[in-house]
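See structure below.
Basis for what follows: all heavy atoms, side chains included, without hydrogens, waters or symmetry-related copies. Numbers here are sequence positions counted from 1.
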Amino acid sequence: MIILYTRKNNKRSTDQVKEQDVISGSILSAEQQKALHPDKILSILKKGNQDFVDGVLTIRNNSERMRQASLGQYPLAVVLSCLDSRVPVEDVFHQGIGDIFVLRVAGNIVNEDILGSLEYACKVSGSKLILVLGHEYCGAIRSAVDNVKIGNITALLEKIRPAVIASMDFPGEKTAANPKYLHHVCTENVKLSVANIRSKSPILNEMEAQGAIKIVGAVYDMETGRVNFN
């Protein structure tokens, strides 16, 4: 057991934490990363998310990890997430420093810079999994549905509009006032980003065809903390 010192009601208290609940101070090595199959990495993230849903504290040995990570990084995966501050990606998957790359952009859209970053993560740094992570109650999705036009936000939302168009056959009210419709558009937007990665990056498309990487999509449920994979 490990003793965790905390403060409750301005009083110092102690909690006992099982060692298996503390993220190791050791980061992944190049050899360990190379030995892992994309499907295994996907299962690691799913298990980490289950821990998050179950309320297992994300306790990290950060000081040791920072020292080790300064010498190099070999992350398991790269997550393309929304900008939203309510989606703490590392915590959602119960991961620590050096475990995953995280790309953040409103609406988890794909552009040239995102593609270059994904190619770096996989082709150069050896990550085996690309996860496009959308989420419930996404402001970018809502704005795309409402066809908002404000400064540079306009061009960003244009990259989400194809998901809105793809949702034209949704059976029900097609407005931002309908949560089910917004969820549908969110899911379509994740699919759109996955498709754009495959079609606009020959490097990543070839790597996936060869089985070197896997590209998947998922949606984060803010109310439960669960990641629902497409």
Side-chain angles (χ1 to χ4, degrees), residues 23-24 26-52 65 68-83 87 89-135 156 159-160 162-163 166 186-220 226-230:
I23 295 177
S24 168
S26 299
I27 66 170
L28 206 67
S29 68
E31 293 74 20
Q32 290 171 323
Q33 182 199 56
K34 185 177 180 180
L36 287 169
H37 188 275
D39 287 334
K40 174 61 177 176
I41 293 172
L42 182 58
S43 69
I44 290 172
L45 295 188
K46 287 182 176 180
K47 171 62 169 60
N49 179 242
Q50 186 61 54
D51 288 342
F52 179 72
R65 275 185 166 252
Q68 291 192 29
S70 66
L71 304 176
Q73 59 175 341
Y74 308 97
L76 296 165
V78 51
V79 180
L80 171 56
S81 175
C82 183
L83 182 68
V87 187
V89 178
E90 285 89 350
D91 285 347
V92 165
F93 294 108
H94 204 64
Q95 300 300 308
I97 293 172
D99 288 333
I100 56 176
F101 285 112
V102 179
L103 284 169
R104 283 188 177 271
V105 61
N108 40 273
I109 56 95
V110 172
N111 62 17
E112 186 179 54
D113 299 318
I114 295 295
L115 289 172
S117 297
L118 292 172
E119 289 173 0
Y120 175 83
C122 296
K123 189 69 174 180
V124 178
S125 293
S127 294
K128 304 281 190 67
L129 180 74
I130 295 174
L131 172 60
V132 178
L133 184 64
H135 67 92
L156 185 147
K159 295 178 175 63
I160 301 174
C186 175
T187 301
E188 289 298 318
N189 187 54
V190 168
K191 293 177 182 177
L192 174 67
S193 290
V194 169
N196 282 338
I197 293 169
R198 289 175 175 144
S199 65
K200 295 181 179 181
S201 173
I203 288 176
L204 297 174
N205 188 48
E206 180 181 22
M207 290 182 74
E208 186 177 39
Q210 294 173 345
I213 66 170
K214 192 165 193 168
I215 306 172
V216 299
V219 175
Y220 173 68
R226 186 172 300 281
V227 173
N228 298 299
F229 290 82
N230 295 344

Using side chain to side chain donor-acceptor pair (under 3.5 Å) as the criterion, list what pairs up with Arg104, not counting sequence neighbours.
->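 For Arg104, no residue satisfies side chain to side chain donor-acceptor pair (under 3.5 Å) once neighbours in sequence are set aside.
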
side-chain contact (heavy atoms from CB on, under 4.5 Å) assessment of Val190 paired with Thr187 = CA-CA 5 Å; Val190 168; Thr187 301; 5.7 Å; no

Side chains of [X] and [Y]: closer than 4.5 Å at any heavy-atom pair?
X: Tyr220; Y: Val89; value: no
X: Leu80; Y: Val105; value: yes
X: Leu42; Y: Phe229; value: yes
X: Ile130; Y: Cys122; value: yes
X: Ile27; Y: Tyr74; value: no
X: Glu90; Y: Ile100; value: yes

Using salt bridge (charged side-chain N to carboxylate O under 4.0 Å, His left out) as the criterion, list what pairs up with Lys200, not counting sequence neighbours.
->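 In terms of salt bridge (charged side-chain N to carboxylate O under 4.0 Å, His left out), with neighbours along the sequence ignored, Lys200 is linked to no residue.
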
Results of salt bridge (charged side-chain N to carboxylate O under 4.0 Å, His left out) for Lys47 - residues two or more places apart only =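 Lys47 satisfies salt bridge (charged side-chain N to carboxylate O under 4.0 Å, His left out) with Asp51 only.
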
Validation: residues 203-219 side-chain donor-acceptor distances under 3.5 Å, sequence neighbours left out:
| residue | atom | partner | partner atom | Å |
| --- | --- | --- | --- | --- |
| Glu206 | OE2 | Gln210 | NE2 | 3.4 |
| Glu208 | OE1 | Arg198 | NE | 2.8 |
| Glu208 | OE2 | Arg198 | NH2 | 3.1 |
| Glu208 | OE2 | Ile215 | N | 3.1 |
| Lys214 | NZ | Asp39 | OD1 | 2.6 |

Tell me the side-chain hydrogen bond (donor to acceptor under 3.5 Å, both in side chains) pairs involving residues 106-135, sequence neighbours left out?
->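 Checked against side-chain hydrogen bond (donor to acceptor under 3.5 Å, both in side chains) - neighbours excluded - the pairs reaching residues 106-135 are Glu119-Ser201.
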
Could you walk me through whether Leu76 and Leu129 pass the side-chain contact (heavy atoms from CB on, under 4.5 Å) check?
-> CA-CA 7 Å; Leu76 296 165; Leu129 180 74; over 6 Å; no

Test item: [X] side-chain N/O and [Y] main-chain N/O as donor-acceptor pair under 3.5 Å:
X: Asn49; Y: Val92; result: yes
X: Asn189; Y: Gly107; result: yes
X: Asn196; Y: Val110; result: no

Spacing of Cys82 atom SG and Ile109 atom CD1 [to the nearest 0.5 Å] |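 Here the interatomic distance stands at 10.0 Å.
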
Interatomic distance, Leu36 atom CG to Ser43 atom OG [nearest 0.5 angstrom] |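 Reported to 0.5 Å precision, the distance equals 9.0 Å.
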
Apply side-chain contact (heavy atoms from CB on, under 4.5 Å) to the pair Val102 and Phe93, showing each step before the final yes or no.
-> CA-CA 12 Å; Val102 179; Phe93 294 108; over 6 Å; no

Return the set of residues passing side-chain contact (heavy atoms from CB on, under 4.5 Å) with Ser29 (not counting sequence neighbours), or none when no residue passes.
->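 Per chain and number, Ser29 pairs via side-chain contact (heavy atoms from CB on, under 4.5 Å) with Glu31, Gln32.
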
